[in-house]
Amino acid sequence: MSAPIEDYALLSDLETAALVGLDGSIDWLCLPRFDSPACLAALLGGADNGRWQLAPVAAPPVCARRAYRPDTLVLDTWWETPEGAVRVTDVMPPRGGLPCVVRVVQGLAGAVRMRSVLRLRFHQGRVRPWVRVADGRTVAVAGPDAVWLGADGPVRTSGAEDCGVAEFTVPAGRRLAFVLAWSPSHVPRPPAPLAVPAETLVREAAGFWRRWAGRCTYEGPWRDAVVRSLITLKALTYAPTGGIVAAPTTSLPGCIGGPRNFDHRHCWLRDSALALSCLLRSGYQEEAAAWLDWLVRAVAGDPADLQTVYGVGGQRLLPETEADWLPGYEGSRPVRFGNSAVGQFQLDVYGEVLDTLYQSLRAGIGLPAHVWELVEALMGFVLRHWQEPDQGLWQVRGPRRQFVHSKVMAWVAADRALRMGGLLGRNGSSDRWRALRRQVHQEVCRHGWDPAQQSFVQSYGSPALDTAALLIPRFGFLSGTDPRVRGTVRAMRALDDDGFLHRYAPGGDGVHTVDGMAGREGAFVSSSLWYADALAATGHVPWARETFERVLAVRNDVGLLAEQWDPAARRQLGNAPQAISHIALTETAFLLSGPSAAPSPSPRSPAASDRSRSGSRRGPRSAERTPA
């Protein structure tokens, strides 16, 4: 039985990541980088697909408690048993060479019998390695990969039935440690991290994260949540290139048992503007510059070939395959590796790229000399193709449509190109871009607006609502004081599910009509946060704060958010932790902590009274008022 998604904590060395559960088991690990094949894949199957459990022999099903050390990604887990108590410390030290996972056991009381069981399965949980013991270390080899496990003190591991097993007793005051390290299989010697004392690796990792977190400029009431989100965003950054993966996992479902399972271990262009803004306002200009460098390298070339998603190294080929040997998280199949969205036309990414370049220019980040050629090339493509239907923000796998958000982002592209031209003294194409900006704005306001609902809709000619419309004031298409923005914010309560917003409404048969996929997915975390932003932009700050606090309340015990939240089952859904969720959390915290978000009295609106009379069931935390 799979553990709940929210049971997992994140470890990262800034090139790959691991997920460790409340039961002391690392159930997901890809080596040597985020998008490498998994060698521990129990998350998407069972123990025989690879896991590393370290826990007391007489342990309860889950630990007593756990927490990251303040301002770090060093995880402490406490176990209490009839024999006594121990603490397990887990960390992946920021990489100075080859990747490793460090697990330190410290006796706190009594004498606790512990067991470590390492069952490696290479190539996405499929290939059983050859396991042997060499020089007191267990080494597992399969194809190009070798994983070494070293232990200090009296601990000795034995290779048995393709797994490494160790049992040992930890008395109070004693520390024992394991270090797991990867190397190419053709290297005959154990990797260097095995020669470094585990305590040194833990101490250096903690120091790195504390120094990094200390650069955060946010000083508002939600500092702990913001710092944790920023650490998570840093942990999802592939340090050699600056690329930020959407999540470290693949195929965690948006609908349990359904097909909404996708690989998020790649870098999406549409996250670029939001990520850059988040990093810049938080004081992380160096990380913002690295992300920009990755972006410029990735999109170089013919703008007609611009993809919505790239690999961590900027690679374009991400073929989507299905792993039929993995049963999937709680039976959610297929399990996918790679992402076919690389072949979709998504118009909105042009606006996101140009907005990112504009933000970078304004922030004083040095842009490559050829960046203006890139701007002109991207705008040339937008001028020729902005009227075509596309797959949109949500990269639907159904027919192309005239998505309103895509058109808004075409307006953003023209607007940001004009602003950049003004800053750089490049005005050769201003007339054409200005005309495009005006034409797109007029068309969206004419065809994307539904007078009956008093709201912008998902696509031309459709009555369907979409929370992407909440981004209209963020990108400056219309201000928060515009009655059309206010009407759109009011209309979004139709997507409300116990205080959380779905990205768009499902069809009556449980199939989302826009994407054609079966199953009712959870509410999108970022959509609920965009709602809070739009509430604040329209002057409803108290309701914005309530919405924000509601999202904070569904983070897991170590402050992490997945892509979605299921209000009925009260559980997280989708890949986790999700970068866009933590980016949106940080942006909302800054917005609501600013001087323009000072609390002000607001009358109870007629819409709230209407909802109260409707008798819709809501939890006590979400019985907030709805803005007029």
If we only count heavy atoms from C-beta on, is the W182 to P191 side-chain gap below 4.5 Å?
no

Distance-only polar pair, side chains of H266 and N339, donor-acceptor under 3.5 Å:
no

dist S229:OG -> L585:CG (nearest 0.5 Å) comes out at 4.0 Å

With side-chain contact (heavy atoms from CB on, under 4.5 Å) as the criterion, how do T250 and F262 come out once you've worked through the C-alpha distance, each side chain's angles and the decisive distance to 0.1 Å?
CA-CA 6 Å; T250 179; F262 303 105; over 6 Å; no

Is there side-chain contact between F500 and V554, with heavy atoms separated by less than 4.5 Å?
yes

Exercise: identify the closest heavy-atom pair between T588 and L529
OG1-O, 3.6 Å

Can you see whether D35 engages Q315 through a side-chain donor-acceptor pair at a distance of less than 3.5 angstrom?
yes

Could you verify whether a donor N or O on one side chain and an acceptor N or O on the other, from H370 and E373, lie under 3.5 Å apart?
no

Is D90 salt-bridged to R103, cutoff N-O under 4.0 Å?
yes

Ignoring hydrogens and angles, tell me if any N or O in the side chain of R228 forms a donor-acceptor pair with the backbone of A225 under 3.5 Å.
no

Please determine whether salt bridge (Lys or Arg N to Asp or Glu O under 4.0 Å) holds for the pair R400 and D390, giving the CA-CA distance in whole Å, both sets of side-chain angles, and the decisive distance to 0.1 Å.
CA-CA 5 Å; R400 293 184 180 185; D390 74 325; over 6 Å; no

Nearest 0.5 Å, please: how far is CD in Q458 from CG in L465?
8.5 Å

Decide yes or no for I26 and V101: does some side-chain heavy atom of the first lie under 4.5 Å from some side-chain heavy atom of the second?
yes

So do P259 and P334 actually touch side chain to side chain, heavy atoms under 4.5 Å?
yes

Give, for atom CD of Q344 and atom CD of Q391, the distance between the pair rounded to the nearest 0.5 Å.
4.0 Å

Quiz item: cation-pi between R416 and W411, 6.0 Å / 45°
no

Any side-chain donor-acceptor pair under 3.5 Å between Q395 and W268?
yes

May I ask you to say whether R265 pairs ionically with E15, meaning some side-chain N is under 4.0 Å from a carboxylate O?
no

Quick test of your reading of the model: are D466 and R503 salt-bridged, counting only N-O distances below 4.0 Å?
no

Full working for side-chain contact (heavy atoms from CB on, under 4.5 Å) between L19 and L10
CA-CA 5 Å; L19 294 186; L10 174 71; 4.0 Å; yes

If you measure from the Lys or Arg side-chain nitrogens to the Asp or Glu carboxylate oxygens, is any gap between R474 and E587 under 4.0 Å?
yes

Any ion pair linking D48 and R128 (charged N to carboxylate O, less than 4.0 Å)?
yes

Could you tell me whether a side-chain N or O of Q564 sits under 3.5 Å from a main-chain N or O of G522, the two making a donor and an acceptor?
yes

Does R33 qualify as a cation-pi partner of Y238, given the criterion of NZ or CZ under 6.0 Å from the six-membered ring centre and within 45 degrees of its axis?
yes

Knowing that exactly one of L180, L29, V74, V102 qualifies, which makes a side-chain contact (heavy atoms from CB on, under 4.5 Å) with M92?
L29

Show, in sequence, the C-alpha distance, side-chain angles and deciding distance for W394 and F524, and conclude whether the side-chain contact (heavy atoms from CB on, under 4.5 Å) test is met.
CA-CA 11 Å; W394 307 119; F524 260 61; 3.9 Å; yes

Measuring only between side-chain heavy atoms, which start at C-beta, is N261 closer than 4.5 Å to S332?
yes

Measure from the side-chain N and O atoms of K407 to the backbone N and O of Q402, and report whether any donor-acceptor pair falls under 3.5 Å.
no

For D13 and P93, indicate whether the former's side chain and the latter's backbone hold a donor-acceptor pair under 3.5 Å.
no

Is T217 reaching over with its side chain to a backbone N or O of R281, donor-acceptor style, under 3.5 angstrom?
yes

Could you verify whether a donor N or O on one side chain and an acceptor N or O on the other, from D145 and S185, lie under 3.5 Å apart?
no

When you compare the side chains of W212 and E287, does any donor N or O come within less than 3.5 Å of an acceptor on the partner?
yes

Measure the shortest side-chain to side-chain distance between R51 and W28 over non-hydrogen atoms and say whether it is less than 4.5 angstrom.
no

To the nearest 0.5 Å, atom CD of Q578 lies from atom NE2 of H264 at 5.5 Å

With a 3.5 Å cut-off and no angle check, do the side chains of S25 and D27 form a donor-acceptor pair?
yes

Quick one: SG on C278 to CG on D271, what's the gap to the nearest 0.5 Å?
11.0 Å

Given 3.5 Å as the limit, does a donor-acceptor pair link the side chain of H582 with the main chain of L561, or not?
yes

For side-chain hydrogen bond (donor to acceptor under 3.5 Å, both in side chains), just list the numbers for Q346 and R270, CA-CA rounded to whole Å, side-chain angles, deciding distance to a tenth of an Å, and then say yes or no.
CA-CA 10 Å; Q346 297 178 25; R270 71 169 40 87; 2.5 Å; yes

Verify, without hydrogens or angle tests, whether E6 (side chain) and Q572 (backbone) share a donor-acceptor contact under 3.5 angstrom.
yes

Test item: P37 and R126 side chains (from C-beta on) under 4.5 Å apart, heavy atoms
no

Could you tell me the separation between the CG atom of D23 and the OH atom of Y8, rounded to the nearest 0.5 Å?
6.5 Å

Basic-acidic side-chain contact under 4.0 Å: R260, E563
no

Evaluation steps, side-chain contact (heavy atoms from CB on, under 4.5 Å), between K234 and I244
CA-CA 8 Å; K234 176 69 171 176; I244 303 172; over 6 Å; no

Please tell me if the side chains of T321 and R336 come closer than 4.5 Å, counting only heavy atoms from C-beta onward.
no

If only atom types and distance count, is the side chain of S12 paired as donor or acceptor with the main-chain N or O of T16 below 3.5 Å?
yes

Treating Y310 as the side-chain partner and L295 as the backbone partner, does any N or O pair qualify as donor plus acceptor under 3.5 Å?
no

Would you say that more than 12 heavy atoms from the other residues, nucleotides or ligands in this model lie under 6.0 Å from the CZ of R362, or not?
no

